[in-house]
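Take a look at the structure below.
Remember, predicted model here, so these are calculated numbers, not experimental data.
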Amino acid sequence: MAASRGPVPKRSEERRRRNKSDTPIARVETSTEPLPAPEPDPGWHPIARDWFLSLSESGQAVFYQPSDWQTARYVAEAMHTNLSQGRFSAQLFAAVTAAMSNLLVTEGDRRRVRVELARRTSGAPEQPAGVTAIADYRASIGG
């Protein structure tokens with residue numbers, strides 16, 4: 001999954017536009033059961049192993065195919081190599097970070113490809129905090 005360039009877009013419910021895109025946003029709830037992840041290598045550096053294990057608990061894992069899990073294994077192996085060697089390689093770190101982006105690891109990466117993860121809520125939809133704060137401020141100054 002290739003990410004687009006530019007700033008991270010706002011979440012769909014935060015955007016206000018007249019020229020809406022024809023491209024639908026893929027939305028998925030994080031409780032959907034993902035494919036089982038392969039076991040991490042027990043010899044990996046603890047940070048690489050924890051990162052790899054965290055992928056299976058993350059919402060984007062529902063999109064992962066077996067090839068994505070193998071890519072994640074390769075990234076974890078590169079992360080292990082960089083963390084275990086005596087000298088930290090900035091170039092290898094940049095490559096690992098770019099590969100993590102392709103796996104949609106961060107919220108910004110997911111927004112760039114128009115994938116949003118939503119947690120299940122038990123109540124009414126929440127109003128964005130910024131709108132509430134502005135309304136309270138206006139009320140306090142009599143506006």
Check whether any side-chain heavy atom of Met100 lies under 4.5 Å from a side-chain heavy atom of Asp109, and answer yes or no.
no

Would you say CD of Gln91 has more than 12 non-hydrogen atoms from neighbouring residues, nucleotides or ligands within 6.0 angstrom?
no

Please name the pair of heavy atoms, one in Leu55 and one in Ala72, separated by the smallest distance, quoted to 0.1 Å.
CD1-CB, 3.5 Å

Is it possible for you to say whether Leu53 and Trp44 belong to one hydrophobic cluster, with membership spreading through side-chain heavy-atom contacts below 4.5 Å?
no

Side-chain heavy atoms of Asn102 within contact of Thr71, under 4.5 Å
no

Do Val75 and Phe52 have side chains that approach each other closer than 4.5 Å (heavy atoms only, starting at C-beta)?
no

Arg49 atom CZ: more than 12 heavy-atom contacts under 6.0 Å
yes

Nearest heavy-atom pair of Ser58 and Ser54: which atoms, and what distance?
OG-O, 2.8 Å

For the residue pair Gln70 and Pro38, establish whether any side-chain heavy-atom pair is separated by less than 4.5 Å.
yes

Let me know which of Leu83, Thr81, Asn82 forms a side chain to side chain contact (heavy atoms under 4.5 Å, CB included) with Met79.
Leu83

Restricting to non-hydrogen atoms, name the atom on Ala48 and the atom on Ala76 that form the minimum distance, rounded to 0.1 Å.
CB-O, 3.5 Å

Are any non-hydrogen side-chain atoms of Trp69 and Ser56 less than 4.5 angstrom apart?
yes

